[in-house]
Chemist: 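Attaching a single structure in structure tokens format; questions to follow.
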Amino acid sequence: MSRPIVTRFAPSPTGMLHIGGVRTALFCWLFARKHGGRFILRIEDTDLSRSTDDNIRIIEEGMAWCGLTWDEGPVPGDPTAWIGEHGPYRQMQRMESHYKPAVEKLLSEGKAYRCRCTKEDLDARRATVEAKGVPFQYGRGHDAGNGCRHKQHDASEPFAVRLAMPEGHETWLDEGAIAWTDLIKGRLAFPAESLDDWIIARTGEKGQIGVPTYNFCVVVDDTGMNVSHVLRGDDHVSNTPKQLALYHAMGFEQPQFGHVPMILGKDGAKLSKRHGATSITEYQEMGFLPAAVRLALARLSWTPKVDGQAPESAEEELLTDAQMIELFDLKDIQKSPARFDMDKLVWMNQKLIQRASWQELEPHLAHFMPDAWKNKSEDWKRVAIQATQKGKSLKEMAQALAFCWQAPESFDEKAVEKFMTAAVKPALREVASLHDYEHDALQTAFNGILETQGLKLKDLAQALRVALCGQPVSPPIFDTLWLLGVEEVRTRLQRWL
RNA sequence: GGGGCUAUCGUCUAGGGGUUAGGACACCGCCCUUUCACGGCGGCAACACGGGUUCGAAUCCCGUUAGCCCUACCA
């Protein structure tokens, strides 16, 4: 009875990989992983004018960076290859093999028909109807009699193909409505009369079927790829009844639908560039860990429950991927939209950075480091990472280590005035003469210096920071010295002695 | 205009007839401290509005308002 769990994420390559899309993909991925099912990545490139190969690459890279691995889908970088038994996974490559036969079948069965109305004609009809303050519906209402539904057009002239939608009395309807039980929103119903005959295939070359539209391809593909659960954005709710009519016309088994709420910006409007970063790539560049992005995104609209209990402490908020997969349940997803909370992402990122090992952090951090980074020893990297692991982002960690690659070109005036006192100079000279920078040795040496000079550690540490980094801020002072090394410290100290 | 969805602290949310309406982030305060941070402790802060139903409504019903989605030969 229950079929194998298969979910899919089907972005269109018409721009950046949007953070909202990633969240939807994440839910699909979590759901598939939770149930031991498969997760498919499908490229919806039927919008010829806006789809590009470059955007497909961005999607593939973004998904990979996020750790959202797909079981079926395109092979990154190779348009002709794919993994999975139901390919190809780029819609334009399915035209002849899948879509056209499906359109022809519908045509021959009289469930769809050829339409010769031109774009201009339609625009004019729409304008006159809407001028009366009435919604335009193709061939219905005030447009009744103008449609091609009963005209039996042949293929001798260019034509688009429309699906004959139910008119209200069909037996498969639920009290005249197309209805379904949404996995997230519960029962949803749309009056049949509110839908009109929509285009399933655009106008093609004379006598030919044109490129099918989104709503058509989705149904053919989801069926052909055995998708069992269609988890997608809320914005598709209104498309569902159209698709349901198509499932019925084609005699396909329906998948289950789950519409996840949208992600809004701080001001409650749909998340857009205006709110800052929307593309997943930007989050990578800002120094977020993929795991933090996954957590933050998942926690928008989803509340994990452990024995029916929502998180009751900061600790419980910080779920690992394994925990998310184990706890994931569609019934714990909110019906209402959530606003994107950058502060929380930052907090999660910081926490995840703190609890990661330096080895786990290294590959991610390397992205933000100069070439010199890879020439450093393991030991050096370990100390560098551990000394800055309190940072909010990888980028911040990298900035905190910037002093390692470049001697200060200027010095914070106030800091110089405050810390570079006459009293501290002798101590600075003594530090310059030190040659063992191991932590314990420095500790001992500093204790001695501090005592003989009558200084507090704070006085010496701050003076050193100013001299070495140009500012009164740096990692713990012993680490700062060790990372720079004896020679470099002496060089930078020279001008202050 | 039509159809659909939604509504608890600033934000993410728990709760779903009787609770001091709980937690997290952010913010504020105190403590710790070799800088910046981290950390610890504490504080501020919410049931959109109006009607019902009920002994009792944040919770159930109706309406209003607001926001969002669809209403394309976009996806």
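Throughout, protein chains are lettered first and strands after them, A, B, ... in sequence-line order, and every chain is numbered starting at 1.
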Chemist: Taking only the P atom of each, what is the distance from G1(B) to G29(B) in whole angstrom?
Modeler: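 Roughly 48 Å separates the two P atoms.
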
Chemist: Quick check on A14(B): is either OP1 or OP2 less than 4.0 Å from any side-chain nitrogen or oxygen of R299(A)?
Modeler: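 It does not, given that no N or O in the side chain of R299(A) lies less than 4.0 Å from OP1 or OP2 of A14(B).
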
Chemist: How about K395(A): does its NZ atom have over 12 heavy atoms from other parts shown lying under 6.0 Å from it?
Modeler: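 Open.
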
Chemist: Could you give the CD-to-C1' distance, from Q137(A) to A72(B), as a whole number of Å?
Modeler: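 Going from Q137(A) (CD) to A72(B) (C1'), I get 15 Å.
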
Chemist: Would a distance-only check, ignoring hydrogens and angles, find a side-chain to backbone donor-acceptor pair under 3.5 Å from Y99(A) to D221(A)?
Modeler: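 Not a single qualifying donor-acceptor pair exists.
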
Chemist: Write down the partner of C49(B) under the Watson-Crick or G-U wobble criteria, each distance required to be under 3.5 Å.
Modeler: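 Answer to the pairing question: G63(B), which forms a Watson-Crick or G-U pair with C49(B).
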
Chemist: Checking all strands, does N215(A) fall into the base, sugar-phosphate, or nothing category for heavy-atom contacts under 4.0 angstrom?
Modeler: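 Base, at least one base heavy atom under 4.0 Å.
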
Chemist: Taking only the side-chain nitrogens and oxygens of K305(A), find out if one of them lies under 4.0 Å from OP1 or OP2 of G15(B).
Modeler: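 Yes.
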
Chemist: For a quick check of understanding: with a heavy-atom distance under 4.0 Å over all strands, which category does V134(A) fall into, base, sugar-phosphate or nothing?
Modeler: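 The residue V134(A) makes no contact with any strand.
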
Chemist: Side-chain N or O of R126(A) less than 4.0 angstrom from OP1 or OP2 on A72(B)?
Modeler: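 Yes, because at least one side-chain N or O of R126(A) sits under 4.0 Å from OP1 or OP2 of A72(B).
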
Chemist: How far, in whole Å, is C27(B) from C62(B) if one measures between their P atoms?
Modeler: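 Straight-line distance between the two P atoms is 42 Å.
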
Chemist: Between G133(A) and D234(A), just flag the one whose closest nucleotide in RNA chain B comes earlier from the 5' side.
Modeler: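 The residue mapped nearer the 5' terminus is G133(A).
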
Chemist: With rounding to whole Å, what would you report as the distance between A58(B) and G50(B) at their P atoms?
Modeler: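 Nearest-Å result for A58(B) against G50(B) at atom P: 12 Å.
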
Chemist: In the structure shown, which nucleotide is the Watson-Crick or G-U wobble counterpart of C36(B), with both distances under 3.5 Å?
Modeler: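 Its partner: none found.
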
Chemist: What is the distance, rounded to the nearest whole Å, between atom NZ of K242(A) and atom C1' of C74(B)?
Modeler: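 Result: 11 Å.
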
Chemist: Just name whichever nucleotide pairs with C55(B), Watson-Crick or G-U, keeping both distances under 3.5 Å, else none.
Modeler: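 For C55(B), the partner nucleotide comes out as G18(B), under the 3.5 Å rule.
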
Chemist: Go through G2(B), C70(B), C73(B) for me and flag the one nearest to the P135(A) side chain.
Modeler: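 So the nucleotide nearest the side chain must be G2(B).
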
Chemist: Within this structure, what is the NZ-to-C1' distance between K335(A) and C69(B), rounded to whole angstrom?
Modeler: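 After rounding, the reported distance stands at 16 Å.
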
Chemist: Less than 4.0 angstrom from a charged side-chain N to a carboxylate O is my criterion; do D222(A) and R8(A) meet it?
Modeler: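 Result for this pair is yes, salt bridge flagged.
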
Chemist: Nearest to the side chain of F190(A), heavy atoms from C-beta on, is which of G3(B), G2(B), C70(B)?
Modeler: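 Nearest nucleotide to the side chain: G3(B).
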
Chemist: Does the T223(A) side chain pair with the main chain of V220(A), one donor and one acceptor, at a distance under 3.5 Å?
Modeler: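 Flag not set: sc T223(A) to bb V220(A) has no pair under 3.5 Å.
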
Chemist: Let me know the distance between CD of E312(A) and C1' of A14(B), rounded to the nearest Å.
Modeler: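 Taking atom C1' of A14(B) as the reference, CD of E312(A) is at 7 Å.
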
Chemist: Would you indicate what H259(A) reaches in the nucleic acid, counting non-hydrogen atoms under 4.0 angstrom: base, sugar-phosphate, or nothing?
Modeler: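 The residue H259(A) makes no contact with any strand.
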
Chemist: C12(B) C1' sits how many Å from M342(A) CE, rounded?
Modeler: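 My rounded result for the distance is 15 Å.
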
Chemist: Side chain of T203(A), base of C73(B): donor and acceptor closer than 3.5 Å?
Modeler: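 Present.
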
Chemist: CD1 of I333(A) versus C1' of A14(B): gap in Å, rounded?
Modeler: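 Spelled out: CD1 on I333(A) to C1' on A14(B) is 17 Å.
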
Chemist: On a whole-Å scale, what distance lies between the C1' atoms belonging to U33(B) and A37(B)?
Modeler: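 Between the two C1' atoms, the distance is 10 Å.
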
Chemist: Of the candidate nucleotides C68(B), C25(B), C70(B), which contains the atom at the shortest distance from the side chain of D343(A)?
Modeler: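 Given the options C68(B), C25(B), C70(B), the side chain of D343(A) is closest to C25(B).
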
Chemist: Between G10(B) and C32(B), how many Å separate the two C1' atoms, rounded to a whole number?
Modeler: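 Their C1' atoms lie roughly 29 Å apart.
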
Chemist: Suppose we define a pair by two distances each less than 3.5 Å, Watson-Crick or G-U wobble; what does G1(B) pair with here?
Modeler: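 Result: U71(B).
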
Chemist: Give one of base, sugar-phosphate or nothing for C117(A), where a contact means two heavy atoms less than 4.0 Å apart.
Modeler: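 Answer is base: heavy atoms of C117(A) come under 4.0 Å of a base.
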
Chemist: From CD1 of I199(A) over to C1' of A75(B), roughly how many Å is that when rounded to an integer?
Modeler: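 After rounding, the reported distance stands at 15 Å.
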
Chemist: Would you mind classifying the nucleic acid contact of A189(A) as base, sugar-phosphate or nothing, using non-hydrogen atoms under 4.0 angstrom?
Modeler: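 Counting heavy atoms under 4.0 Å across all strands, the contact made by A189(A) is with sugar-phosphate only.
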
Chemist: Quick one: do R126(A) and D143(A) make a salt bridge, cutoff under 4.0 Å?
Modeler: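 Looking at R126(A) and D143(A), the cut-off is not met.
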
Chemist: Is any side-chain N or O of T303(A) closer than 4.0 Å to OP1 or OP2 of A14(B)?
Modeler: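 So the side chain of T303(A) is within the cut-off, an N or O lying under 4.0 Å from OP1 or OP2 of A14(B).
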
Chemist: Hey, does L188(A) reach any base, or is it just sugar-phosphate, or nothing, if we go heavy atoms under 4.0 Å?
Modeler: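 Sugar-phosphate, no base atom in range.
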
Chemist: Of the nucleotides U13(B), C73(B), G23(B), which has the atom closest to the E317(A) side chain?
Modeler: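 Among U13(B), C73(B), G23(B), the one nearest the side chain of E317(A) is G23(B).
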
Chemist: Check R140(A) with E193(A), please: is the shortest side-chain N to carboxylate O separation under 4.0 Å?
Modeler: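 Here E193(A) does not pair with R140(A) in a salt bridge, since their nearest N and O are not under 4.0 Å apart.
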
Chemist: Which sits closer to the 5' end of RNA chain B, L300(A) or L48(A), going by the nucleotide each is nearest to?
Modeler: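 Its nearest nucleotide lies further toward 5', so the answer is L300(A).
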
Chemist: Quick check on U13(B): is either OP1 or OP2 less than 4.0 Å from any side-chain nitrogen or oxygen of S301(A)?
Modeler: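 The answer is yes; a side-chain N or O of S301(A) sits under 4.0 Å from OP1 or OP2.
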
Chemist: I'd like to know if R94(A) and D45(A) make a salt bridge, using a cut-off of under 4.0 Å between side-chain N and carboxylate O.
Modeler: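 Answer for the salt bridge query: no.
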
Chemist: From the list C73(B), A75(B), A26(B), which nucleotide is the closest neighbour of the side chain of S12(A)?
Modeler: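 Closest of the options to the side chain of S12(A): A75(B).
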
Chemist: Categorize T46(A) for me: base, sugar-phosphate, or nothing, with a 4.0 angstrom heavy-atom threshold over every strand shown.
Modeler: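 Since only primed, P, OP1 and OP2 atoms lie under 4.0 Å of T46(A), the category is sugar-phosphate.
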
Chemist: Can you check the distance between U6(B) and G40(B), where both ends of the measurement are the P atom (answer in whole Å)?
Modeler: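 These two P atoms come out 39 Å apart once rounded.
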
Chemist: Could you check which nucleotide pairs with C25(B) in any of the strands shown, counting Watson-Crick or G-U wobble with both distances under 3.5 Å?
Modeler: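 Pair assignment: C25(B) / G10(B).
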
Chemist: I'd like to know whether S301(A) forms a side-chain contact (heavy atoms from CB on, under 4.5 Å) with R23(A), so could you lay out the CA-CA distance, the side-chain angles of the two residues, the decisive distance to 0.1 Å, and finally the verdict.
Modeler: CA-CA 10 Å; S301(A) 300; R23(A) 206 279 296 266; 3.6 Å; yes

Chemist: Look at the side chain of R114(A) and the backbone N and O of I209(A), then say whether any donor-acceptor pair between them is shorter than 3.5 Å.
Modeler: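 Here the side-chain-to-backbone pair does not exist.
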
Chemist: If anything within 90° of 0 is syn and all else is anti, what is C70(B)?
Modeler: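 What C70(B) shows is an anti base, its glycosidic angle lying more than 90° from 0.
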
Chemist: For atom P, what is the distance between U64(B) and C55(B), given to the nearest Å?
Modeler: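 Looking at atom P only, U64(B) and C55(B) are 28 Å apart.
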
Chemist: Select base, sugar-phosphate, or nothing to describe what D341(A) touches, counting heavy atoms under 4.0 Å on all strands.
Modeler: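 Counting heavy atoms under 4.0 Å across all strands, the contact made by D341(A) includes a base.
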
Chemist: Does N239(A) make a side-chain donor-acceptor contact with the base of A75(B), cut-off 3.5 Å?
Modeler: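 Pair found.
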
Chemist: In whole Å, I'd like the distance from the CZ atom of R90(A) to the P atom of A75(B).
Modeler: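 Whole-Å distance recorded here is 16 Å.
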
Chemist: State the NZ-CD distance between K458(A) and Q462(A), to the nearest 0.5 angstrom.
Modeler: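 Interatomic distance, K458(A) NZ to Q462(A) CD, rounded to 0.5 Å: 7.0 Å.
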
Chemist: Taking the C1' atom of each, how far is C28(B) from C9(B), in whole Å?
Modeler: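 Roughly 15 Å separates the two C1' atoms.
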
Chemist: Determine whether any donor atom in the side chain of S194(A) lies under 3.5 Å from an acceptor atom in the base of G2(B), or the reverse, and answer yes or no.
Modeler: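 Answer is no: no donor-acceptor pair is held.
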
Chemist: Go along nucleotides 30-45 of chain B 5' to 3' and tag each nucleotide: B for a protein heavy atom under 4.0 Å from its base, S when only backbone or sugar atoms are that close, - otherwise.
Modeler: ----BBSSSS------

Chemist: Answer with base, sugar-phosphate or nothing: what part of the nucleic acid does Q334(A) contact at a heavy-atom distance below 4.0 Å?
Modeler: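 Here Q334(A) touches the backbone only, sparing every base.
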
Chemist: Quick test of your reading of the model: are K456(A) and D459(A) salt-bridged, counting only N-O distances below 4.0 Å?
Modeler: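 Between D459(A) and K456(A) there is no salt bridge, as every charged N stays at least 4.0 Å from the carboxylate O atoms.
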
Chemist: Closest approach to the side chain of K344(A), judged atom by atom: which nucleotide of A75(B), G4(B), C25(B) is it?
Modeler: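 Between A75(B), G4(B), C25(B), the one nearest the side chain of K344(A) would be C25(B).
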
Chemist: Which atom pair, heavy atoms only, marks the closest approach of A160(A) to T203(A)?
Modeler: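 Answer, listing the atom of A160(A) first, then T203(A): CB-OG1, 3.7 Å.
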
